[in-house]
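This report refers to the structure that appears directly beneath it.
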Protein chains: 2
Amino acid sequence: MEKRAKHPVRTTEKSLTLIDELNRRGGARITTLADELSMGKSAIHNHLSTLEEHGFVVKNGNTYELSLRFLDIGGQLRSEMDVYRVAEPQVEALAEESGELVHFVVEEGGEGVYLCRSKGDRAVDLDTYVGCRHPMHSSAFGKAILSHLPDQRVEEIIDRHGLPSVTPKTITSRDELYDALERTRERGFAVDDEERLEGLRCIAAPIRFDSEVIGAISISAPTARIDDDWEENEFVEQLCRTANVIELNKYKV
Amino acid sequence: MEKRAKHPVRTTEKSLTLIDELNRRGGARITTLADELSMGKSAIHNHLSTLEEHGFVVKNGNTYELSLRFLDIGGQLRSEMDVYRVAEPQVEALAEESGELVHFVVEEGGEGVYLCRSKGDRAVDLDTYVGCRHPMHSSAFGKAILSHLPDQRVEEIIDRHGLPSVTPKTITSRDELYDALERTRERGFAVDDEERLEGLRCIAAPIRFDSEVIGAISISAPTARIDDDWEENEFVEQLCRTANVIELNKYKV
DNA sequence: TGATCTGTTCTCCATATGAGAACACTATCT
DNA sequence: AGATAGTGTTCTCATATGGAGAACAGATCA
């Protein structure tokens, strides 16, 4: 259900395309961008100097880069979310207790967005970063969240993003996904058994408030350290207890 | 030395103004924005739906808000900085060791940008967040960085941002500032004695690489817990040792 | 049910955009 | 050093396009 703007502002779209391209390349020169995007040099120059004047772009020599203004805005958005403030210390505590990699994730636009990340002392070093996005169907946190969204939302999300496969075990059909969500609801937590990265298992618990999901917390570890007899798993208790603490603390805010 | 674009793209400026306004208000409706910015409703509608289509804005009911896309871009910028990757674990370690609030900051556009923040177990709760910006002259980290920048850069920064006062003790003249920078160079670390917030003292050490400053690390605590006989201060050794570790680890990247 | 808020769509003209050419630098080569 | 080939920047003007304003469509309320 991609929404198309009826009257898109083409000039703004050009600026946003430049931002995307700078983001992708980690900075670029005017000529490079002109070649790549087949726009005139003067146009690019005008856009970039406008973005620079407003602090969204910085110029190092002749290379333009996105500025930390994005981190400012993003950080502000995050710090204003009640659930983040409550979850952040708990994520750290769980990372320390479990020794593994712990994330806190919320959903936006049908994708999962990592808001917190904390590494325990033997944690694997995934290439996630605060703010990065990941599809819902191929992750434990995604299934934890989806399992408490109305079916209609789930459909919208699938329609929008599809069910792209990233490993041989990724769920790629609607039926499989709905089965997995059903099992997640029964168990109270979601699992990802190498569906997102081979050699990696994750478990995730939803964070609910007033019977609405507002995020999920997850533990990621090598297959060797997470037993796939889920009910017996030592991390499950730690995870669910932490999720519960976050839910309860949320009431105090 | 504010750079004015010779041929600003006015349409882009309008979109950026909207982003600023949404940022300031934490979301707004079309009518509100139209009244506040004295633009037509249709114009605002076109801009916002364009921004939404490109994922920079999300619509909740009739309220438009900035999306976590900003956190994505900002987080990516941060995670790609070598110095961040090296500093982050050290900031956590220093927070744990000192028990206080520790920040890692870099300079951009003449301001300090917080890249890391970690709280020790008795840390004060400042309203800083990852990505937030603060003037250089009224902070320990700022003076730590300025003290290793060429005078010409320091002048540019003062010209651009002035020396605004935030407490009675804030440095407000160039002479005072240059004296403070001189003392900082002699000591090897910078101090802020209630110059930024009454009741708060900070110490900061520059992080240098190839004789260039690339950031600073700081400890903040209530005046009662930081002795103003700086040379005797227990935190100084912890701080400078950590700064040194970061500088050395940076070579390995 | 009608009144009064919203947001959305449409049309059309004043206006801002950007291609392209000319210019000004800077670096590199001979 | 002087020539050459890259840059980024400025300028102009024909034309695409942005947005005011009006009309429309939903929502919310009395």
Side-chain angles (χ1 to χ4, degrees), chain A residues 1-22 24-67 109 150 152-153 156, chain B residues 1-22 24-67 109 152 156:
Chain A
M1 193 113 63
E2 289 263 2
K3 285 190 189 160
R4 300 235 114 247
K6 275 281 188 287
H7 296 277
V9 184
R10 297 196 208 291
T11 310
T12 294
E13 289 190 315
K14 280 169 197 153
S15 283
L16 297 180
T17 304
L18 281 170
I19 289 174
D20 270 345
E21 195 65 22
L22 289 181
R24 193 166 303 123
R25 295 172 168 272
R29 317 189 58 166
I30 286 190
T31 313
T32 314
L33 293 168
D35 292 348
E36 203 61 35
L37 305 173
S38 49
M39 293 170 62
K41 281 194 298 174
S42 66
I44 303 222
H45 181 261
N46 294 160
H47 280 265
L48 289 181
S49 32
T50 304
L51 289 167
E52 188 194 6
E53 189 177 333
H54 289 258
F56 288 86
V57 156
V58 289
K59 192 180 171 185
N60 285 336
N62 283 330
T63 303
Y64 289 86
E65 296 170 9
L66 297 183
S67 87
Q152 188 206 334
R153 274 296 301 291
E156 276 175 26
Chain B
M1 193 114 63
E2 289 265 0
K3 287 193 189 159
R4 301 233 113 249
K6 276 279 187 289
H7 296 278
V9 184
R10 296 195 210 290
T11 309
T12 294
E13 289 190 315
K14 280 172 196 150
S15 283
L16 297 181
T17 304
L18 281 169
I19 289 174
D20 270 344
E21 195 65 21
L22 289 180
R24 194 167 302 122
R25 295 173 168 271
R29 319 189 57 167
I30 286 191
T31 315
T32 315
L33 292 168
D35 292 348
E36 202 62 34
L37 305 173
S38 48
M39 294 170 62
K41 281 195 297 173
S42 67
I44 303 226
H45 181 261
N46 293 160
H47 280 265
L48 290 181
S49 33
T50 305
L51 289 167
E52 187 194 6
E53 187 177 333
H54 289 258
F56 288 86
V57 156
V58 288
K59 191 180 173 184
N60 286 335
N62 282 330
T63 303
Y64 288 87
E65 296 170 10
L66 297 183
S67 87
Q152 189 207 333
E156 277 176 25

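None of these values were measured; they are calculated from a predicted model. Throughout, protein chains are lettered first and strands after them, A, B, ... in sequence-line order, and every chain is numbered starting at 1.
Minimum heavy-atom separation, B/V58 to B/S67: CG1-CB, 3.8 Å. Across B/G26 and B/E65, no two heavy atoms sit closer than the pair O-CG, 4.3 Å. Scanning both residues, B/P8 and B/E13, for their nearest heavy atoms gives CB-OE2, 3.8 Å. For the pair B/A5 and A/T50, the tightest heavy-atom approach, listed with the atom from each and the gap, is CB-N, 4.2 Å.
Counting to the nearest Å, the P atom of C/dT6 and the CG atom of B/L33 are 13 Å from each other. Look at CG on A/L37: it is 18 Å from P on C/dT17, rounded to the nearest Å. The OH atom of A/Y64 sits 14 Å away from the P atom of D/dT7 (whole-angstrom rounding). Atom P of nucleotide C/dA19 and atom CD1 of A/I30 are separated by 13 Å, given to the nearest angstrom. Nucleotide D/dG8 holds its P atom 10 Å from the CG atom of A/L48, rounded to whole Å.
The side chain of A/H45 contributes no N or O atom lying less than 4.0 Å from OP1 or OP2 of D/dG8. Taking side-chain N and O atoms only, B/K59 has a distance below 4.0 Å to OP1 or OP2 of C/dT8.
Comparing D/dG8, C/dT9, C/dG7 against the side chain of B/R29 picks out C/dG7 as the nearest.
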Pairs under 3.5 angstrom, nitrogen or oxygen only, protein versus nucleotides 19-22 of chain D, please.
residue	atom	partner	partner atom	Å
D/dG19	OP1	B/K14	NZ	2.7
D/dG19	OP2	B/H47	NE2	2.7
D/dA20	OP2	B/G40	N	2.7
D/dA20	N7	B/S42	OG	2.8
D/dG21	O6	B/S42	OG	3.2

Can you give me the N/O atom pairs linking the protein to nucleotides 24-26 of chain C at distances under 3.5 Å, or say none if there are none?
none

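Residues A/I30 and A/N62 fail the side-chain proximity criterion, which asks for heavy atoms closer than 4.5 Å. Side-chain contact check for B/Y64 versus B/R25: every heavy-atom pair is 4.5 Å or farther apart. Counting only heavy atoms from C-beta outward, the side chains of A/L48 and A/L22 approach each other to under 4.5 Å.
Taken from CD in B/Q152 to CD in B/E156, the straight-line distance is 5.0 Å, to the nearest 0.5 Å. Interatomic distance, B/D20 CG to A/H54 NE2, rounded to the nearest 0.5 Å: 8.0 Å.
Taking for each of B/K6 and A/P8 the nucleotide of DNA chain D with the nearest heavy atom, the 5'-most of the two is the partner of B/K6.
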